[in-house]
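Atoms within each ligand, like the ligands themselves, are counted from 1 in listed order. Model, not experiment: these values are computed from the prediction.
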Amino acid sequence: MKLLENKTALITGASRGIGEAIAIKFAQNGANIAFTYLSSEERAKALEEKLISYGVKAKAYKSDASNYASSELLTTEVLAHFGAIDICVNNAGISRDNLLLRLTPEQWDDVMHANLKSVYNLSRQVIKSMMKARSGSIINMSSVVGVMGNPGQSAYAASKAGIVGFTKSIAQELGSRNIRVNAIAPGFVETDMTSYLNDGEGGGKWLHKIPLGRFAKPEEIAGVALFLASDMSSYVTGQVISTCGGIY
Ligand code: NAP
């Protein structure tokens with residue numbers, strides 16, 4: 001029996017990077033996958049086909065995580081197609097890095113809406129069916145930057161710290177319904193978001209601070225997500241799992 005057999009997972013922002021790795025890992029472990037993207041239509045379609053090749057149901061949805069009405073519609077459509085949402089991974093996110101003096105109100109709002117409001121948007125929807133089922137696992141993608149801070153990333157760090165407070169609060173609200181809510185706080189992961197790490201200078205200043213001496217692969221974050229999604233973590237809720245190579 002595979003770890004996520006007969007489960008359906010809804011994953012936001014899975015057309016690339018960490019979300020894509022989580023979708024693949026979950027499908028390999030038997031889960032049906034509903035996932036979202038914003039603009040990467042071709043990559044999303046390719047992923048949908050790949051997931052189906054693992055013998056599970058999979059469907060890509062173009063849906064803006066920062067928009068409340070879109071999240072409501074998405075949940076309705078996924079429930080109609082898959083019949084249940086057992087696991088929700090709030091992964092979609094962006095970075096708009098700038099020192100505070102140059103950080104515009106638009107940049108601040110974009111980051112807050114895409115990274116933090118998005119987690120509220122979808123969590124508020126998926127808990128309705130999870131409460132009826134008296135079962136569920138919600139996984140929110142925070143960041144080591146949310147606890148550590150990082151110059152040039154005040155908006156991003158604030159959004160990721162906000163996810164921690166939100167996660168711990170709703171874990172306490174929903175525990176009695178057997179809905180577990182946890183966050184993952186990755187360090188630096190090799191994806192498009194951190195492509196600046198490849199330019200030697202950008203990455204070099206961090207490498208020597210990471211005890212494991214390297215950046216993470218998206219699959220290494222997906223492994224932690226699999227643990228939190230599955231019954232292997234049935235007594236884990238309200239936690240932030242640091243997955244940062246020991247940097248913090
Ligand atoms: P990425 O490679 O830039 O991919 C971002 C994904 O999110 C894409 O699938 C993108 O869709 C989607 N997305 C962005 N805005 C969206 C929106 N409003 N609605 C729906 N989907 C949206 O990012 P990543 O590095 O995989 O990061 C994934 C998550 O992990 C983020 O929350 C990020 O903050 C967090 N994280 C990343 C790192 C790291 O080092 N990479 C470290 C800690 C935490 P499109 O392809 O359609 O644009």
Side-chain angles (χ1 to χ4, degrees), residues 10-25 33-48 60-75 78 88-97 107 109-122 139-150 153 155-164 166-167 183-198 202-203 206-207 210 212 214-222 224-225 240-245 247-248:
L10 170 55
I11 306 164
T12 63
S15 47
R16 298 181 277 129
I18 295 170
E20 180 181 32
I22 292 173
I24 291 169
K25 181 81 80 185
I33 309 288
F35 71 93
T36 71
Y37 64 96
L38 193 57
S39 56
S40 306
E41 184 106 33
E42 274 181 31
R43 289 200 63 156
K45 287 291 161 206
L47 178 64
E48 188 183 276
Y61 296 84
K62 181 174 175 143
S63 180
D64 183 352
S66 66
N67 184 284
Y68 183 79
S70 302
S71 302
E72 195 171 16
L73 178 66
L74 170 72
T75 306
V78 172
C88 173
V89 185
N90 288 304
N91 167 77
I94 59 170
S95 59
R96 299 279 183 272
D97 299 347
Q107 287 173 325
D109 287 346
D110 284 353
V111 170
M112 286 300 158
H113 288 145
N115 292 8
L116 183 55
K117 183 163 179 267
S118 59
V119 180
Y120 155 79
N121 287 344
L122 194 57
I139 300 163
N140 299 324
M141 204 54 72
S142 180
S143 166
V144 70
V145 167
V147 286
M148 183 175 82
N150 193 21
Q153 288 202 300
Y156 183 80
S159 71
K160 295 300 182 180
I163 287 176
V164 171
F166 180 81
T167 298
I184 302 176
F188 294 92
V189 189
E190 290 173 357
T191 68
D192 294 344
M193 187 179 276
T194 50
S195 50
Y196 64 89
L197 295 173
N198 299 329
W206 286 108
L207 265 185
I210 304 172
L212 288 182
R214 60 181 179 81
F215 302 120
K217 302 277 180 214
E219 297 73 30
E220 296 180 287
I221 311 305
V224 178
V240 182
I241 311 294
S242 195
T243 312
C244 64
I247 195 172
Y248 187 76

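C88 and L122 make their closest contact through SG-CD2, 3.7 Å (heavy atoms, listed as atom of the first residue, atom of the second, distance). Y248 and S242 make their closest contact through O-OG, 4.1 Å (heavy atoms, listed as atom of the first residue, atom of the second, distance). Scanning all heavy atoms of the two residues, the minimum distance from N91 to G13 falls at ND2-O, 2.9 Å. Between S95 and Y156, the closest heavy-atom pair is CB-CD1, 3.9 Å. Taking each heavy atom of S40 and R16 in turn, the nearest pair found is OG-NE, 3.6 Å. A pairwise comparison of heavy atoms in A23 and I33 identifies O-CD1, 3.8 Å as the closest pair.
Across the listed options S95, S39, A114, G13, S39 owns the non-hydrogen atom lying nearest to atom 47 (O) of ligand 1. Nearest residue to atom 43 (C) of ligand 1 from P186, C244, G146, S195 is P186 (criterion: closest heavy atom). Among S40, A44, A21, the residue whose heavy atom lies closest to atom 46 (O) of ligand 1 is S40. Residue T191 holds the heavy atom nearest to atom 25 (O) of ligand 1 of all those in N140, V144, T191. When D64, I11, L74 are checked for heavy-atom proximity to atom 18 (N) of ligand 1, D64 turns out nearest. For atom 42 (C) of ligand 1, the nearest non-hydrogen atom from the set G93, G187, P218 belongs to G187.
Here the CD-CD1 distance, from E219 to I18, works out to 10.0 Å after rounding to the nearest 0.5 Å. The CD atom of E42 sits 12.0 Å away from atom OG of S15, with the distance rounded to the nearest 0.5 Å.
Taking a cut-off of under 4.0 Å to the non-hydrogen atoms of S63, the atoms of ligand 1 that pass are 19 (N), 20 (C). Taking every heavy atom of T194 and a limit of under 4.0 angstrom, the matching atoms of ligand 1 come to 39 (C), 40 (O), 41 (N). The distance from ligand 1 to the heavy atoms of A14 drops below 4.0 Å at these ligand atoms: 9 (O). Applying the 4.0 Å criterion to heavy atoms of D192 picks out, from ligand 1, the atoms 2 (O). Listed by atom number, the atoms of ligand 1 under 4.0 Å from F188 heavy atoms are 40 (O). Listed by number with element, the atoms of ligand 1 under 4.0 angstrom from any heavy atom of A65 are 17 (C), 18 (N), 19 (N), 20 (C). Residue G17 approaches ligand 1 through these ligand atoms, each under 4.0 Å from one of its heavy atoms: 2 (O), 26 (O).
On a distance-only criterion, G19 and ligand 1 share no N/O pair closer than 3.5 Å. The N/O atoms of N115, backbone and side chain alike, include none that comes under 3.5 Å of an N/O atom in ligand 1. Some N or O of N91 is nearer than 3.5 Å to an N or O of ligand 1, by distance alone. Below 3.5 Å of separation, one finds an N or O of V189 facing an N or O of ligand 1. In terms of polar-atom proximity, Y156 is counted as a contact of ligand 1, with an N or O under 3.5 Å from an N or O of the ligand.
Heavy atoms of S118 come nearer than 4.0 angstrom to ligand 1 in no pair at all. Distances from ligand 1 to the non-hydrogen atoms of A185 include no value under 4.0 Å. Residue-ligand proximity: T12 is placed with every non-hydrogen atom at 4.0 Å or more from ligand 1.
Judged by distance alone, the side chain of S195 and the main-chain N or O of T191 form no donor-acceptor pair under 3.5 Å. Side chain of N90 to main chain of T12: no donor-acceptor pair is present (N/O by atom type, distance under 3.5 Å, no hydrogens or angles). Of the possible donor and acceptor atoms, none in the side chain of N150 sits under 3.5 Å from a partner among the backbone N and O of Q153. K160 places a side-chain N or O within donor-acceptor distance of the main-chain N or O of M141, the cut-off being under 3.5 Å. For the pair N121 (side chain) and S66 (backbone), a donor-acceptor distance under 3.5 Å is present. One N or O on the side chain of T194 and one on the backbone of V189 form a donor-acceptor pair closer than 3.5 Å.
Ranking protein heavy atoms by distance to atom 44 (C) of ligand 1, first place goes to S142 O, 3.2 Å. Taking atom 16 (C) of ligand 1 as the reference point, the nearest protein heavy-atom neighbour is L38 CD2, 3.8 Å. If you check which protein heavy atom lies closest to atom 11 (O) of ligand 1, you get S15 OG, 3.3 Å. Closest protein heavy atom to atom 30 (O) of ligand 1: M141 CG, 3.2 Å. When only non-hydrogen protein atoms are considered, atom 15 (N) of ligand 1 lies nearest to I94 CG2, 3.7 Å. Among all protein heavy atoms, the one lying closest to atom 13 (N) of ligand 1 is A92 CB, 4.0 Å. Atom 10 (C) of ligand 1 has as its closest protein heavy atom R16 NH2, 3.6 Å. Nearest protein neighbour of atom 26 (O) of ligand 1, counting heavy atoms only, is I18 N, 2.8 Å.
F215 and F188 have perpendicular rings, their planes meeting at more than 60° on a 0 to 90° scale where under 30° would count as parallel.
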- Message: Is there a side-chain contact (heavy atoms from CB on, under 4.5 Å) between E48 and F35? Walk through the geometry before answering.
- Response: CA-CA 9 Å; E48 188 183 276; F35 71 93; 4.3 Å; yes

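Counting heavy atoms from C-beta on, the side chains of I139 and I184 come closer than 4.5 Å.
For E190, no heavy-atom contact with ligand 1 is shorter than 4.0 Å.
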